[in-house]
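First up is the structure itself, then whatever we jot down about it.
Note that ligands are numbered from 1 as they come in the structure, with each ligand's atoms numbered from 1 the same way. Everything numeric in this text was worked out from a predicted model, so none of it was measured. FYI, the numbering just counts along the sequence from 1. Keep in mind that the numbers below use all heavy atoms, side chains included, and drop hydrogens, waters and symmetry copies.
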Amino acid sequence: MRTYTTDYLVIGGGLAGSTLGFLLRQAGANVIVTELLDARAKSKLCGGIIASLATKTFETVYGTNELLTLQPLQCQDWTTSCFESSYTIHTQYPIVQRKDLDDYCLKRYLDSDGILLDRVKTTAVNTAEHTAVCLDLRTKEHLTITYNTLVAADGATSLTRRMLTGRKARFVLTLEGTVPNIGNYIEFNVMPQFNGYCWYIPRREDAQIGCIYQYNYSQGRRERLRNYCNRLGLDVPRLRSAPVPSGDDILLSAQENTWFIGDAAGLADAFGGGGIHYALVSAQLLANSLLGSTPYTQAMEPHLQELKKIASTVDQRYLAICIKAALTRSDSQQN
Ligand SMILES: Cc1cc2nc3c(=O)[nH]c(=O)nc-3n(C[C@H](O)[C@H](O)[C@H](O)COP(=O)(O)OP(=O)(O)OC[C@H]3O[C@@H](n4cnc5c(N)ncnc54)[C@H](O)[C@@H]3O)c2cc1C
């Protein structure tokens, strides 16, 4: 059995994990990041919409605004449609090709001599002995990693969270597929009665289409997305399913020396996605805390308040969108 010893073991080499790894390496710490998939080939499903807070955090963490060079387009027109009506809002939110963003963060970690063990699955954690047992999926060999601090960054279905707490986090399933680019605008097709929406987001050559619905209404997702495709005159693409944390089941630490960041902590806004910002900011605040600054749970408090506020205003936001759509329709009818 191969053995490793490290100060920080980070499980999950996505946005949150590689960002934390990068920040810890900047301070000269020993870090091992393990990743279940082939880290260079994996491509996460994601709308790629970058909230302005995420841009700021990215600049603080990476000391550059290179994020802006990753964006394929700056969509100025967002259309929100509700029932039969729709309206357009103007916004500056950039969109990135998600794989470009993940590749960038991973490269910065690797360039800082971070150790990455990919195609490696953690199968057991012994928190008393500070040891994780992993399986190398390429060689089928078992490895043991002894750590001082364990960080779970393994996404919305976090296996680490299940191993440490005995239960998985709450998440909502989304569906997403690739369609031809039929227009350089973003559309959200809101269905308030199902507490969810479909989206169309253009890319470089193609576009993403998808839908997200809250728990109770997740059953009919496929059919609603099919209807949405029909409405846009598009064939239904091959669809993939992906989890987003529900945003109301947050866990920052399970016990001493174990921490959760990004989706593994449950840090996402299931209504609007918004997880890129939370993945970056939780990695940044945990790194600061581990390196001696404000304790992580304390530093995260304003962000948890923000998420709570989002969760409690979701219904009102749907309502506001519907009212605005209806008003826009009557405005345009009058003109
Ligand atoms: C369809 C969809 C659209 C979205 N659109 C947006 C958007 O437009 N804007 C936005 O801000 N957010 C969006 N999000 C949310 C955003 O993608 C996530 O919040 C963000 O990726 C979280 O980053 P993370 O590093 O915590 O998790 P992830 O990016 O999921 O990374 C977790 C990593 O852990 C690895 N892993 C999993 N299990 C193990 C294991 N047992 N051992 C080792 N490694 C493991 C995974 O392979 C993965 O690489 C969207 C999400 C989805 C699903």
Notebook entry, point to check: What part of Val244, side chain from CB on, backbone N/CA/C/O, both or neither, has a heavy atom under 4.0 Å from ligand 1?
Noted result: side chain

Check: Is there a heavy atom in Pro243 that sits closer than 4.0 Å to ligand 1?
Finding: yes

Checklist line | Residue-ligand contact Ala153/ligand 1, heavy atom below 4.0 Å | finding: yes

Next item on the list: Mind checking whether Glu35 contacts ligand 1 via backbone (N, CA, C, O), side chain (CB onward), both or neither, at a 4.0 Å heavy-atom cut-off?
Entry: both

Check: Is it true that a side-chain atom of Lys99 and a backbone atom of Arg40 form a donor plus acceptor pair closer than 3.5 Å?
Finding: yes

Notebook entry, point to check: Where do Ala39 and Asp118 come nearest, in terms of heavy atoms and distance?
Noted result: N-OD2, 2.9 Å

Notebook entry, point to check: Where do Tyr104 and Phe58 land on the ring-ring contact (aromatic ring centres under 6.0 Å, His included) test, with the steps shown first?
Noted result: CA-CA 11 Å; Tyr104 179 90; Phe58 182 91; 5.4 Å; yes

Checklist line | Per atom 34 (O) of ligand 1, closest listed option by heavy atom (Ile276, Asp154, Asp102) | finding: Asp154

Margin query: Taking 4.0 Å as the limit for heavy-atom contacts, which would you say applies to Ala16 with ligand 1: side chain only, backbone only, both, or neither?
Written below: both

Notebook entry, point to check: For ligand 1, which atoms, with element, lie under 4.0 Å from some heavy atom of Leu15?
Noted result: 25 (O)

Margin query: Can you check which of Cys46, Gly262, Pro245, Cys134 brings a heavy atom nearest to atom 50 (C) of ligand 1?
Written below: Cys46

Margin query: Using a 4.0 Å cutoff against the non-hydrogen atoms of Leu37, which atoms of ligand 1 qualify?
Written below: 47 (O)

Item checked: Nitrogen or oxygen atoms of His277 and ligand 1 under 3.5 Å apart -> no

Checklist line | Lys42: numbered ligand 1 atoms lying under 4.0 Å from its heavy atoms | finding: 49 (O)

Check: With a 4.0 Å cut-off, would you call Asp102 and Lys42 a salt bridge?
Finding: yes

Margin query: Looking only at distances, can you tell me whether any N or O atom of Ala156, backbone or side chain, sits closer than 3.5 Å to an N or O atom of ligand 1?
Written below: no

Notebook entry, point to check: Do Tyr4 and Tyr147 share a hydrophobic cluster (ILVMFWY, side-chain heavy atoms under 4.5 Å, transitive)?
Noted result: yes

Checklist line | is_close_aromatic(Tyr62, Phe22), centroid dist under 6.0 Å | finding: yes

Check: Which atoms of ligand 1 have any heavy atom of Gly47 under 4.0 Å away?
Finding: 3 (C), 4 (C), 5 (N), 6 (C), 8 (O)

Check: Hey, does Gly48 come in under 3.5 Å of ligand 1, counting only N/O atoms on both sides?
Finding: yes

Check: Going by distance alone, is a donor N or O of one side chain under 3.5 Å from an acceptor N or O of the other, for Thr19 and Gln284?
Finding: no

Notebook entry, point to check: Under 6.0 Å from the CG atom of Asp111, do we count more than 12 heavy atoms belonging to anything else shown?
Noted result: yes

Item checked: Asp249 (side chain) donor-acceptor with Arg170 (main chain) under 3.5 angstrom -> yes

Next item on the list: Answer yes or no: is there a donor N or O on one side and an acceptor on the other, between the side chain of Arg119 and the main chain of Arg138, under 3.5 Å?
Entry: no

Check: Is the backbone of Ala29 close enough, under 3.5 Å, to the side chain of Arg25 for a donor and an acceptor to pair up by distance?
Finding: yes

Item checked: Which of the ligand 1 atoms, numbered from 1, are nearer than 4.0 Å to a heavy atom of Ala242 -> 53 (C)

Note to self: So for ligand 1, is Leu159 a polar contact partner (N or O within less than 3.5 Å, distance only)?
What the structure shows: no

Next item on the list: Give a yes/no verdict on whether any heavy atom in Arg98 is under 4.0 Å from an atom of ligand 1.
Entry: yes

Next item on the list: For ligand 1, find out whether one of its N or O atoms is nearer than 3.5 Å to an N or O atom of Thr174.
Entry: no

Margin query: Can you name the atoms of ligand 1, numbered from 1 with element, that are less than 4.0 Å from a heavy atom of Ile11?
Written below: 42 (N), 43 (C)

Next item on the list: Return yes if some donor-acceptor pair links the side-chain N/O of Tyr200 with the main-chain N/O of Ile182 below 3.5 Å, else return no.
Entry: yes

Next item on the list: Would you mind listing which atoms of ligand 1 come within a distance below 4.0 Å of any non-hydrogen atom of Gly155?
Entry: 27 (O), 30 (O), 32 (C)

